[in-house]
Enquirer: 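My questions all concern the structure below.
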2 protein chains.
Amino acid sequence: MGLEPADVDKLDDIVKRNRPSHRGDYLFREGDKFQCLYIVKTGSVKTYAPREDGGEQVLGFHLPGELIGLDAIEKCRHHCSARILETSAVCEVPFVQLEELSTTIPSLQHQMYRLLSREISQDENMLTLLGKKNAEERLAAFLISLSERFKRRGFSPSDFHLSMSRHEIGNYLGLAVETISRLFTRFQDEGLLKVERKHIQLLEIERLIAIVQGEERTSSQRTFP
Amino acid sequence: MGLEPADVDKLDDIVKRNRPSHRGDYLFREGDKFQCLYIVKTGSVKTYAPREDGGEQVLGFHLPGELIGLDAIEKCRHHCSARILETSAVCEVPFVQLEELSTTIPSLQHQMYRLLSREISQDENMLTLLGKKNAEERLAAFLISLSERFKRRGFSPSDFHLSMSRHEIGNYLGLAVETISRLFTRFQDEGLLKVERKHIQLLEIERLIAIVQGEERTSSQRTFP
DNA sequence: AAAAACGCTTGATCCAGATCAATCGAAACT
DNA sequence: AGTTTCGATTGATCTGGATCAAGCGTTTTT
């Protein structure tokens, strides 16, 4: 990512590779002191914030290659929790050391700014989704997002495993579990995908993308044109 | 903010103070090349992103002291537009120069990380709001947020001018204009605030905060306990 | 192997807030 | 001063998705 090999080594030296973590393990909890950023190597992680009403808001699902904990830099304290969704390998990067390193390696500093900025863009994108999109646009956007992220990491973009529950998807998308379940059924009936428990096959990615873009739905059961 | 006076001077040297801008002026538009961050000195600015369906999503309202444009660092391109809401003074900070300066001033680098991190936290907070809160909780949260930000800058926390339209508030909060209008009327009827056109007086900030926290509403017209 | 627990699906009903429609009022323009 | 324009309010109606309520598989526990 634009670093000299020597610099990559230095970065490599401060990264701590942990043994695999298991479903339900915490990377950190809301209120913990901020020490490290976390990078998912394999598996998946969810982050969620407590709500005033006692519930939780899922903030994101993190796949291999993705960074967790950037929101804790300012206050040096985590205001969300991070839990492992399936057996995962997650690296730790002590932030103080990363910061020191970035003062001596301008391209690392630049990369850090970019990473933080990207996180902001992603959140803003999510705001647009929650602000105006309807239920099927949200689920389609979610599936396309997963698909693209898997693809970028060399996994199949059309055939994957959902490591999170329907409940967690619903929470993330601001929808009820029942709505998620009904939408999966409907998408399957319309031939957009095939779903069996947590195994998803996207059959018509193009049409899913069209749905995300708010395209007028052409219901497949329409019989009288 | 933790910088040496000499460093403040260096920072000061790269900040460009512009003449006042007027309502409707653009700081930048979606698609523009990213050159500068913007700091609101006086007045207010809104940022908004285009939606796939042709509409717009208001991403934020920016008051004096607040920074605009952090989401553009990654791609070196703005993916939202920023428009002046009322006659405002806005400074420009050329990002390349800021970045150079931050390689030589570690405390400035640290401050940059904090600013970016804070933006992420704020967006995550907004996700929680859009994910589960109902209409009155959203408007109450919006008003409390404005109140706190005005207070921090030395303005009245309970008596202020809304520089944005009801339509823009609704768009920002994921609600229809009519809902915003009805809520203002209701809040006023309940004695929480006084609203006249764009002039707001918060009469019972405590109760507004209680609403944000999802507290069970005690309707003022309840007559049979 | 039975039973408990949990996640998912499906159906029925309800409601918060959207949408539609009309009016009003302030500000900008002749 | 009158007219147009645009934002705000208010009322009536509609609806997408929440909520309530069963069942149904799977997995885990005993």
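Letters go in sequence order (proteins before strands), and every chain restarts at 1.
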Enquirer: To the nearest Å, give me how far apart CD1 (B:I200) and P (D:dA8) are.
Expert: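 It is 11 Å, rounded to the nearest whole Å.
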Enquirer: Would you give the length of the straight line joining atom CD of B:E168 to atom OH of B:Y48, rounded to the nearest 0.5 angstrom?
Expert: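 The CD atom of B:E168 sits 9.5 Å away from the OH atom of B:Y48.
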Enquirer: Between C:dT9 atom P and A:Q188 atom CD, what is the distance in whole Å?
Expert: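 That distance rounds to 9 Å.
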Enquirer: Give the rounded distance in Å between these two atoms: NE2 of B:H167 and P of C:dA18.
Expert: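 In whole Å, C:dA18 P and B:H167 NE2 are 12 Å from each other.
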Enquirer: Specify the residue among B:A176 and A:T185 whose closest nucleotide of DNA chain C lies further upstream toward the 5′ end.
Expert: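 Whichever sits nearer the 5' end wins; that is A:T185.
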Enquirer: Report which part of the nucleic acid B:G170 touches: base, sugar-phosphate, or nothing (heavy-atom distance under 4.0 Å, all strands).
Expert: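 Answer is nothing: B:G170 stays at 4.0 Å or more from every strand.
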Enquirer: Have a look at B:K132 and say if it touches a base, only the backbone sugar-phosphate, or nothing, with a 4.0 Å heavy-atom cut-off.
Expert: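 No contact at all - B:K132 keeps every heavy atom at 4.0 Å or more from the nucleic acid.
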Enquirer: Please figure out whether A:R182 or B:E178 has its closest DNA chain D nucleotide nearer the 5' end.
Expert: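 It is B:E178, whose closest nucleotide lies nearer the 5' terminus.
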Enquirer: Under 4.0 Å, heavy atoms only, any strand: does B:I180 hit a base, just the sugar-phosphate, or nothing?
Expert: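 Result for B:I180 = nothing.
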Enquirer: How close do A:K132 and B:R51 get, heavy atom to heavy atom, and via which atoms?
Expert: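 Distance-wise, the nearest heavy atoms are CG-NH1, 3.3 Å.
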Enquirer: What orientation do B:F95 and A:Y113 show, parallel under 30°, tilted 30 to 60°, or perpendicular over 60°?
Expert: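 Ring orientation, 0 to 90° scale: perpendicular.
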Enquirer: Taking any heavy-atom pair under 4.0 Å as a contact, classify B:R197: base, sugar-phosphate, or nothing.
Expert: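 Sugar-phosphate contact only - B:R197 comes under 4.0 Å of backbone atoms but never of a base.
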Enquirer: Return the value, rounded to whole Å, for the distance between atom CZ of B:R166 and atom P of C:dG25.
Expert: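 One finds 15 Å between P of C:dG25 and CZ of B:R166, rounded.
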Enquirer: Using whole Å, what does the distance between atom C1' of nucleotide C:dA16 and atom CG of A:N134 come to?
Expert: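 Computing the A:N134:CG to C:dA16:C1' distance gives 17 Å.
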Enquirer: Reckon A:S165 touches a base, only the sugar-phosphate, or nothing at all at heavy-atom distances under 4.0 Å?
Expert: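 Touches sugar-phosphate only.
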Enquirer: Check the phosphate of D:dG16 against A:T179, side-chain N and O only, distance under 4.0 Å to OP1 or OP2. Yes or no?
Expert: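 No.
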Enquirer: Can you label the angle between the A:F34 ring and the A:H78 ring as parallel, tilted or perpendicular, going by 30° and 60°?
Expert: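 Answer is perpendicular, since the angle exceeds 60°.
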